[in-house]
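Values in this document were obtained by computation on a predicted structure and should not be read as measured data. Chain identifiers are assigned alphabetically (A, B, ...) following the order of the sequence lines, protein sequences preceding nucleic acid strands; residue numbering begins at 1 within each chain.
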There are 2 protein chains.
Amino acid sequence: MLHDAAQLDLMFQALADPARRQMVDRLSRGPASVSQLAEPLAMSLSAVVQHLNVLEASGLVRSEKMGRVRTCQIEPTALRAAEHWINERRLAWERRLDRLGDFLAESKDEN
Amino acid sequence: MLHDAAQLDLMFQALADPARRQMVDRLSRGPASVSQLAEPLAMSLSAVVQHLNVLEASGLVRSEKMGRVRTCQIEPTALRAAEHWINERRLAWERRLDRLGDFLAESKDEN
DNA sequence: GCAATAGTGAAGTAAGTGCTTCAGTATTGA
DNA sequence: TCAATACTGAAGCACTTACTTCACTATTGC
């Protein structure tokens with residue numbers, strides 16, 4: 001499981017576009033073909049394929065071609081890595097606040 | 001608490017850059033001035049201020065100027081919104097897999 | 001007061017992003 | 001077999017990003 005800086009770059013960059021998040025959202029409800037991913041989006045199929053390439057490069061989505069249909073699905077471990085990075089920083093911040101709270105409470109007791 | 005598409009764009013975009021993630025990482029360990037944020041980064045102070053503007057526009061960081069020093073800190077609710085978006089999609093996918101697993105187990109029982 | 005500190009703002013630039021269109025290939029179903 | 005389907009790939013173009021430098025302002029400590 002890679003979650004080095006470059007991989008996180010690619011994942012957050014991939015999630016920064018509303019069309020790509022919509023594609024991830026669709027895939028979170030089950031696998032889909034490229035055309036199915038494209039259907040709700042107001043852009044050319046080519047554009048959708050380019051978005052799909054970004055998602056695959058980031059590791060968030062995996063796809064496989066059977067006959068003329070490419071079927072895509074979510075790669076949950078990658079989602080988990082992005083989630084984990086955010087969670088760690090938020091927890092660190094909250095733990096710090098807790099310690100600060102304890103310190104202030106103790107200071108108050110001493111007066 | 002906004003977490004509409006545009007806000008998520010800004011947050012994920014903000015997190016897509018390693019310098020900005022390093023700044024968030026630093027801030028997760030406590031407030032810091034602009035110069036303190038800049039210190040480990042191999043770029044001009046101007047560049048750091050521009051990154052800081054991106055972080056503030058995304059809502060991930062808040063800052064306040066006292067005298068000549070601007071002190072920055074994390075806004076944990078924004079971090080939580082990004083975390084939440086990812087978590088929802090991952091859970092949807094995992095729930096779907098569970099149902100699929102149940103279905104396959106039942107099919108097997110029937111044979 | 002005055003030098004050092006801390007940050008601000010504008011302009012310029014090279015590279016990257018998000019599309020488009022158009023021309024193609026491979027598969028499928030009647 | 002042949003038209004429809006489902007992509008694929010390349011080129012081009014407007015816009016954005018991530019810096020740089022340089023000139024500048026506001027505070028602070030001596």
>> Between A:Glu64 and A:Arg70, does any NZ, NE, NH1 or NH2 come within less than 4.0 Å of an OD or OE carboxylate oxygen?
In response: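 So A:Arg70 does not pair with A:Glu64 through a salt bridge.
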
>> Using heavy-atom distances to pick each residue's nearest nucleotide on DNA chain D, tell me which of A:Gln50 and A:Gln13 is more 5'.
In response: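 In this pair, the answer is A:Gln50.
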
Are OP1 or OP2 of [N] and a side-chain N or O of [X] less than 4.0 angstrom apart?
X: A:Lys65; N: D:dT8; answer: yes
X: B:Arg70; N: C:dT8; answer: yes
X: B:His51; N: D:dT17; answer: no

> 5'-most contact on DNA chain C: A:Arg20 or A:Ser46, nearest heavy atom basis?
Replying inline: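 It is A:Arg20 whose nearest nucleotide is closer to the 5' end.
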
> Quick one: on DNA chain C, does B:Arg68 or A:Ser44 contact a more 5' nucleotide (nearest heavy atom)?
Replying inline: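 Comparing both residues, the 5'-ward one is B:Arg68.
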
> Do A:Gln73 and A:Ser63 meet the criterion of a side-chain donor-acceptor pair at a distance under 3.5 Å?
Replying inline: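 No, no side-chain donor-acceptor pair sits under 3.5 Å.
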
To the nearest angstrom, how far is [X] atom [atom1] from [N] atom [atom2]?
X: A:Leu52; N: D:dA6; atom1: CG; atom2: P; result: 16 Å
X: B:Arg21; N: D:dA18; atom1: CZ; atom2: P; result: 12 Å
X: B:Asp17; N: D:dT16; atom1: CG; atom2: P; result: 18 Å
X: A:Met66; N: D:dC7; atom1: CE; atom2: P; result: 13 Å
X: A:Asp9; N: C:dG16; atom1: CG; atom2: C1'; result: 13 Å
X: A:Leu41; N: C:dG18; atom1: CG; atom2: P; result: 13 Å
X: A:Met23; N: C:dG18; atom1: CE; atom2: P; result: 12 Å
X: A:Leu45; N: D:dG9; atom1: CG; atom2: P; result: 13 Å

> Would you call the rings of A:Phe12 and A:Trp85 parallel, tilted or perpendicular, where under 30° means parallel and over 60° means perpendicular?
Replying inline: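 A:Phe12 and A:Trp85: perpendicular rings.
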
> Where do B:Glu75 and B:Val61 land on the side-chain contact (heavy atoms from CB on, under 4.5 Å) test, with the steps shown first?
Replying inline: CA-CA 5 Å; B:Glu75 193 61 72; B:Val61 167; over 6 Å; no

>> Taking the side chain as everything from C-beta on, heavy atoms only, tell me whether A:Met66 gets closer than 4.5 Å to A:Thr71.
In response: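 No, too far: nothing below the 4.5 Å cut-off.
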
>> Using a 4.0 Å heavy-atom cut-off, does A:Ser33 contact any base of the nucleic acid, only the sugar-phosphate backbone, or nothing at all?
In response: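 If one applies the 4.0 Å heavy-atom cut-off, A:Ser33 turns out to touch the sugar-phosphate alone, with no base involved.
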
